[in-house]
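Let me begin by presenting the structure, written as structure tokens, before commenting on it.
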Amino acid sequence: MKKLTYILCFWGVTIFAQSDLVVNGEKTILEKLIKNAEEKNINGEFRESSNIYNIIATQYWEKKEYENAIKYYEISIGLNEQIGNQNGVTGINSNLAMIYFDTEQFEKSIGYFKKVNDYRKRGEDKFAAVSSSINLAVAHNKVQNYQETIKVMDEALKLAFQVNNYEQIRGCYGLIYETYEKMGNRQKSSEYFDLYKTFNEMARKQTEQKYKKGAEEAQLRASLLEAEAKNKQLLLEVQNREISKKENIINSQSEKIDDITGSLSKTEIALQLIAEKEKLEKAELNQALVAKENSENQAFYTQLFAFLGLLFFVTIGLFVIKNNREKRKNNEALLLKNNEIIEKNISIEKQNTAIKDSINYAKRIQNALLPSEKLIKESFKDLFIIYKPKDIVCGDFYWHKKLETENEIYTVVATVDCTGHGVPGAFMSAIGMNILNKIVNDSCFKPGEILSKLHFEISKSLQNDDVEIRDGMDMSVVLFAKKQQKVWFSGAKNQIIYFQNNELFELKANKEPIGGQTQYADIAFAEHEINCDKNTIFYLFTDGFQDQFGGDENRKFMYKNLKTVLSEIHLLAFEDQKINLENKFLDWKKDRKQTDDVLVLGIKI
């Protein structure tokens with residue numbers, strides 16, 4: 001996202017500054033950076049000083065020391081305003097907005113996002129303007145400013161249509177339909193969900209075309225480099241053959257000259273023999289004739305050698321001129337191709353940046369759609385959530401709904417693992433969230449019924465006459481009845497674990513997934529009932545934790561090891577349980593890549 005550019009400019013320095021090592025008893029690197037920034041500020045080097053303050057603030061942000069991060073960002077804003085760097089001010093405002101958003105201070109976040117959005121809308125970069133509008137709308141959505149959310153998204157849609165960016169259009173429609181869903185306007189929600197699905201498919205095709213074009217250009221670039229190498233080799237071979245040919249000509253000419261010289265010596269001898277046989281009176285005359293002939297022959301051969309030498313050098317000169325001309329033409333052609341490749345590389349880099357920015361703001365939308373941990377905690381004694389996407393966006397998600405009737409207070413919680421991860425998984429998660437909301441809003445909250453209806457709706461949503469789609473999801477759904485002190489569970493390939501009186505219990509799930517290979521089939525999902533008149537701890541999870549490769553033998557963590565870990569930690573405070581599980585995951589994974597999205601929920605009732 002363009003709002004992150006300001007931070008990324010100092011990425012290399014930031015990596016170096018992340019260490020808090022103390023070397024030879026000196027102050028930490030972070031303290032040195034602060035001192036360096038103050039010195040540059042005193043010397044009037046405001047731009048350099050503001051850059052260092054940004055690095056310091058970013059370090060505190062990454063360490064979650066938000067007050068210090070805000071403090072140094074605000075110092076940097078003052079310096080940028082002093083030198084008239086409005087782009088710098090906007091970038092820092094964006095960072096402050098995200099900090100306040102991450103700390104759930106949404107009103108302050110809205111104020112900063114609005115400053116960013118007002119500035120972006122005055123610029124020529126429509127993509128950046130739409131992205132900042134989406135951020136502002138997500139913040140409004142968090143504090144239930146639903147009308148303001150829709151107003152901002154309507155303005156963003158106009159800009160997104162101007163640049164024909166299907167990904168941004170899809171994002172806007174997604175946020176609008178979710179907002180209408182929260183407002184209880186099912187007609188509008190359904191209308192915008194249909195638009196979301198339409199542009200979701202268009203965005204997917206647009207992204208595929210970008211990747212295909214990028215691959216073709218990379219292949220072309222490799223072919224051009226290979227052709228350039230072959231041309232250089234061919235030119236060298238031609239030059240070697242031409243030089244060898246010229247050497248043969250010179251040697252041949254030298255042999256001919258030697259033959260002519262040899263013939264000349266024989267003629268002299270013959271003339272001298274004849275002259276000796278002539279009469280004495282003709283001796284002087286013959287000698288004069290011989291001398292004259294020798295003189296003429298000498299002049300002739302001198303001219304011949306000069307001509308041959310001139311001819312040789314002219315030939316070599318013409319060859320060199322021709323060779324240089326061809327070389328210059330080849331260099332010009334190669335230079336032209338190199339320039340084309342450089343331009344295409346720049347274009348590819350811009351496309352990659354645009355794709356990455358799109359995925360980043362899609363992540364913010366996805367996070368906004370997830371229920372807040374604070375909201376879920378209102379329904380239970382304690383709770384922790386471990387949520388680690390493999391990529392920027394995630395195919396796993398958790399879902400929560402609270403329902404109150406005259407006689408009971410119900411809370412429904414689900415953990416869902418969609419087909420794949422990354423962008424495809426994120427598409428499925430958005431569809432899954434919307435359908436779950438619709439099902440429960442229609443007063444269906446029994447876990448088995450929820451799964452059956454979800455299976456039907458997913459199959460229906462992915463129906464296409466031209467393409468056979470087999471995407472689906474594995475999930476666990478738990479219904480808590482507060483007054484009855486009972487719990488009901490149903491699962492599609494995802495089981496759950498719970499503890500009562502320090503004893504571990506497992507509840508198995510159906511083997512069929514939601515959608516997928518069993519789409520259109522009627523499935524009755526088994527429902528389990530548990531009495532919870534005593535303290536009970538439930539663990540809901542997807543398969544990412546247990547499928548992670550690691551350890552000394554690079555194998556999967558496995559479900560049995562997860563049960564062992566949960567048995568060891570279930571009596572700890574919930575915050576300690578979360579830290580313990582996260583450390584166990586990181587120690588097992590070490591420096592290997594994350595295998596899949598990871599989601600674990602711990603709930604105490």
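Worth saying up front: this structure is predicted, and the values here are computed from it rather than measured.
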Any side-chain donor near an acceptor of the partner, E104 and S372, under 3.5 Å: no
Enclosure of K438 NZ (heavy-atom neighbours >12, cutoff 6.0 Å): yes
Straight-line distance of R170 CZ to N165 CG, nearest 0.5 Å: 9.0 Å
Distance (rounded to the nearest 0.5 Å) between L375 CG and K401 NZ: 9.5 Å
Closest non-hydrogen atom pair between A137 and T149, with its separation: O-OG1, 3.4 Å
Heavy-atom donor-acceptor pair, S459 side chain to H455 backbone, under 3.5 Å: yes
Flag if over 12 foreign heavy atoms under 6.0 Å of CD, E529: yes
Nearest heavy atoms of I439 and L454, plus distance in Å: CD1-N, 3.5 Å
D591: side-chain hydrogen bond (donor to acceptor under 3.5 Å, both in side chains) partners, not counting sequence neighbours: none
Other residues, nucleotides, ligands: >12 heavy atoms within 6.0 Å of K142 NZ: yes
Worked check of side-chain hydrogen bond (donor to acceptor under 3.5 Å, both in side chains) between Q366 and S429: CA-CA 9 Å; Q366 187 179 47; S429 70; 3.1 Å; yes
Non-hydrogen atoms of A69 and Y60 that approach each other most closely: N-CB, 3.6 Å
Shortest non-hydrogen contact between P389 and C394, atoms and distance: CB-CB, 3.7 Å
Side-chain donor or acceptor of R186 paired with backbone N/O of N441 under 3.5 Å: yes
Enclosure of F456 CZ (heavy-atom neighbours >12, cutoff 6.0 Å): no
Side-chain donor-acceptor pairs under 3.5 Å in residues 568-577, sequence neighbours left out?
from: H570; atom 1: ND1; to: S567; atom 2: O; distance (Å): 2.9
from: H570; atom 1: NE2; to: N502; atom 2: OD1; distance (Å): 2.7
from: Q577; atom 1: OE1; to: Y539; atom 2: OH; distance (Å): 2.6
from: Q577; atom 1: NE2; to: H570; atom 2: O; distance (Å): 3.1
from: Q577; atom 1: NE2; to: L572; atom 2: O; distance (Å): 2.9

Matching residue for S131 among R364, R120, Q168 - test: side-chain hydrogen bond (donor to acceptor under 3.5 Å, both in side chains): Q168
S476 side-chain N/O to N494 backbone N/O, donor-acceptor pair under 3.5 Å: yes
Polar side-chain atom of E527 near backbone of W488 as donor-acceptor pair, under 3.5 Å: no
Q548 (side chain) donor-acceptor with T595 (main chain) under 3.5 angstrom: yes
Side chain to side chain contact (heavy atoms under 4.5 Å, CB included) evaluation trace for M475 with W399: CA-CA 11 Å; M475 62 188 296; W399 178 83; over 6 Å; no
Chi angles and distances behind the side chain to side chain contact (heavy atoms under 4.5 Å, CB included) call for L157, I169: CA-CA 6 Å; L157 274 171; I169 295 171; 4.1 Å; yes
From L383 atom CG to I385 atom CD1, the distance as rounded to the nearest 0.5 Å: 5.0 Å
Spacing of CG belonging to D597 relative to CG belonging to D543, to within rounding of 0.5 Å: 9.5 Å
L566 and L581: CA distance, side-chain angles, deciding distance, side chain to side chain contact (heavy atoms under 4.5 Å, CB included) verdict: CA-CA 8 Å; L566 293 176; L581 279 171; 4.2 Å; yes
Side chains of P447 and F489 in contact at under 4.5 Å (non-hydrogen atoms): no
Atom pair CD (Q105) and CD (E107), whose distance is rounded to the nearest 0.5 Å: 11.0 Å
Listed pairs under 3.5 Å, donor-acceptor, residues 549-562 side chains, sequence neighbours left out:
from: N554; atom 1: OD1; to: R592; atom 2: NE; distance (Å): 2.9
from: Y559; atom 1: OH; to: E506; atom 2: OE1; distance (Å): 2.5
from: N561; atom 1: ND2; to: F557; atom 2: O; distance (Å): 2.5

Distance-minimising heavy-atom pair for M433 and L369: SD-CB, 3.7 Å
Member of Y66, Y112, F113, F106 meeting the side chain to side chain contact (heavy atoms under 4.5 Å, CB included) criterion with Y100: Y112
Donor-acceptor contact below 3.5 Å, side chain K604 vs main chain F380: no
Stepwise side-chain hydrogen bond (donor to acceptor under 3.5 Å, both in side chains) test for K182 and N141: CA-CA 9 Å; K182 291 179 178 179; N141 195 280; 2.7 Å; yes
Side-chain donor/acceptor of Y387 to backbone N/O of D396, under 3.5 Å: yes
Contact check, side chains of N434 and S189, non-hydrogen atoms, under 4.5 Å: yes
I530 side chain reached by L507 side chain, heavy atoms, under 4.5 Å: yes
Chi angles and distances behind the side chain to side chain contact (heavy atoms under 4.5 Å, CB included) call for D154, I176: CA-CA 9 Å; D154 285 340; I176 293 174; 4.1 Å; yes
T179 side chain reached by M153 side chain, heavy atoms, under 4.5 Å: no
T415 and F541, any side-chain heavy atoms less than 4.5 Å apart: no
Residue K446 excluded, over 12 heavy atoms near NZ under 6.0 Å: yes
Spacing of K578 atom NZ and L601 atom CG [to the nearest 0.5 Å]: 10.0 Å
Side-chain (E408) to main-chain (Q484) donor-acceptor, under 3.5 angstrom: yes
Close aromatic pair by centroid cut-off 6.0 Å: F480 and F538: yes
Minimal non-hydrogen separation, M428 against I458, with atom names: CE-CG2, 4.5 Å
Side chain to side chain, S379 and H400, heavy atoms closer than 4.5 Å: yes
Whether over 12 other heavy atoms sit under 6.0 Å from K71 NZ: no
L540 and Y398, any side-chain heavy atoms less than 4.5 Å apart: no
Geometric class of the W61/Y73 ring pair [parallel <30°, tilted 30-60°, perpendicular >60°]: perpendicular
Any donor-acceptor N/O pair, N145 side chain to E148 backbone, under 3.5 Å: no
V138 side chain reached by F101 side chain, heavy atoms, under 4.5 Å: yes
Heavy-atom donor-acceptor pair, D474 side chain to K493 backbone, under 3.5 Å: no
